[in-house]
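When a ligand or atom number is given, it counts from 1 through the structure's own listing order. For clarity, every value in this text was computed on a predicted model and none was experimentally measured. Numbers here are sequence positions counted from 1.
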Amino acid sequence: MQILVCGGAGFMGSHFIKYILEKYPDYMLVNFDKLTYAGNLENLKEVENNKRYKFVKGDICDASEVDRVVRENKIDTIVNYAAETHVDRSVMDPSAFLKTNIFGSYNLLEATKKFDLKKMVQVSTDEVFGSIDSGKFREDSPFEPNSPYSAAKAGGDLLCRSYFVTFQTPVVVTHSCNFYGSNQYPEKLIPLFVTNLLEGKKVPVYGDGKQVREWIYTEDHCNAIDVILHKAKAGSVYNIGSGDEIENIEITKLILEYLGYDEKMIEYVKDRPGHDKRYALDANKLKNELGWEAKVNFRDGLKKTVDWYRENEDWWKKIKDGSYLEYYKKQYN
Ligand code: TYD
């Protein structure tokens, strides 16, 4: 396969590139990334000299750049990790979210159709379904997004559906629960809290901390996309869940424990506007149809993640975006 990994310099895209290069010795991967604040080529240092890997700087919002990279590299498959992903940023300024998550997805669908590619995998989120108090979202649950971020992702996903129905474009959509692991930009809950504590700073828990998220470790998610890439039928939709549902406050306490701090380091701050209470996915379709299941237990994965941030201060110290955190405080508090 000749795969175009859009957003390959980001957290999950870079994990996926390293995973596929190692697992499939005859695959070629092109990392197409705009290098926004969350893109970081240091994530790919260990593969930058690999002859089957190439980086091309570019924006999925620019159709001519997308067409060129597909044509010049004889791409046959697209995996789209390129997205604006941080809910708080989308509350402050939705415009980039609409462009990348909707218009960018459209350009990739057009390229898939125009160049007659074998497959496009759209990596999306459980957040398109909104919040659920009990039970789990299935692939056919209605979209009820509550943030500009999730609304924009829902728009991209619906375009995928329409391209399959209208043009038989071979696209597959995945809805995943929250990712965690090494190399995640320190604005998301886990890396923000770990790095704050490593800097001796408090951790800002939104509201009462009783919100629930389902968490999947990087390796498990790469493995799920691998299975979907090779086995899923065009036009299908799969939830990728781990079954590990945890309250934010419980995660916070685990991180405090691993790093040897007590609860005085918790600062309860004003809640995120429109904050979804709970996400939970029914991932039985992926298990029953394609035989995939998550393997990494949350506590083990979290421990590995905390250790990685502890051992890689160089990586996060220079990218931690203090101005954004200050802005957040002013805006919400
Ligand atoms: P986040 O990592 O932003 O992912 P998402 O909003 O996409 O689920 O947040 C995970 C949960 O942690 C969410 O319920 C919001 C909460 N949270 C905090 O309590 N404090 C924080 O500083 C952050 C970033 C998140």
Just go through Ile246, Asn248, Asn196, Thr125 and tell me whose heavy atom is the nearest to atom 12 (O) of ligand 1.
Asn248
Min N/O separation Tyr279 to ligand 1 under 3.5 Å
no
Would you call the rings of Tyr106 and Phe103 parallel, tilted or perpendicular, where under 30° means parallel and over 60° means perpendicular?
tilted
For Glu187, counting its heavy atoms only, list the atoms of ligand 1 lying under 4.0 Å from any of them.
24 (C)
Show the atoms of ligand 1 that are less than 4.0 angstrom away from any heavy atom in Pro204.
18 (C), 19 (O), 20 (N), 21 (C), 22 (O)
Give the numbers and elements of all ligand 1 atoms closer than 4.0 Å to a heavy atom of Glu127.
5 (P), 7 (O), 8 (O)
With a 4.0 Å cut-off, would you call Asp220 and Lys295 a salt bridge?
no
Taking atom NZ of Lys304 and atom OG of Ser182, what is their separation to the nearest 0.5 Å?
10.0 Å
With heavy atoms of Val87 as the reference, note each atom of ligand 1 found under 4.0 Å away.
6 (O), 7 (O)
Does ligand 1 come near enough to Arg272 that some N or O of the ligand is less than 3.5 Å from an N or O of the residue?
yes
For Lys303, does the NZ atom have more than 12 heavy-atom neighbours from other residues, nucleotides or ligands under 6.0 Å away?
no
Under 4.0 Å from one or more heavy atoms of Val205, ligand 1 contributes atoms 19 (O)
Applying a strict 4.0 Å limit to heavy atoms, is Phe193 in contact with ligand 1?
yes
Taking only non-hydrogen atoms of Asn178 and a 4.0 Å limit, the atoms of ligand 1 in range are 4 (O), 5 (P), 8 (O)
Please indicate whether any nitrogen or oxygen in Asp276 is less than 3.5 Å from any nitrogen or oxygen in ligand 1.
no
Would one find an N or O of Gln211, backbone or side chain, under 3.5 Å from an N or O of ligand 1?
no
Do the numbers put Arg89 on top of the ring of Tyr37, so that NZ or CZ is under 6.0 Å from the six-membered ring centre and no more than 45° off the axis?
yes
Determine the interplanar angle of the His221 and Tyr81 rings, folded into 0 to 90°, and report it as parallel if under 30°, tilted if 30 to 60°, perpendicular if over 60°.
perpendicular
For the rings on His86 and Tyr149, is their centre-to-centre separation under 6.0 Å?
no
When the ring centroid of Tyr206 is compared with that of Tyr268, is the distance short of 6.0 Å?
no
Per-atom contacts, ligand 1 versus His275 - under 4.0 Å to a heavy atom
13 (C), 14 (O), 15 (C)
Rounded to the nearest 0.5 Å, the CG atom of Asn178 sits from the CD atom of Gln184 at a distance of 8.5 Å
May I ask you to identify, for Leu189, whether its side chain, its backbone, both or neither come under 4.0 Å of ligand 1 on a heavy-atom basis?
both
Which of the atoms of ligand 1 are close to Lys188, meaning less than 4.0 Å from one of its heavy atoms?
2 (O)
Centre-to-centre under 6.0 Å for His175 and Phe143, is that the case here?
yes
Backbone, side chain, both or neither: what part of Leu192 comes under 4.0 angstrom of ligand 1, heavy atoms only?
side chain
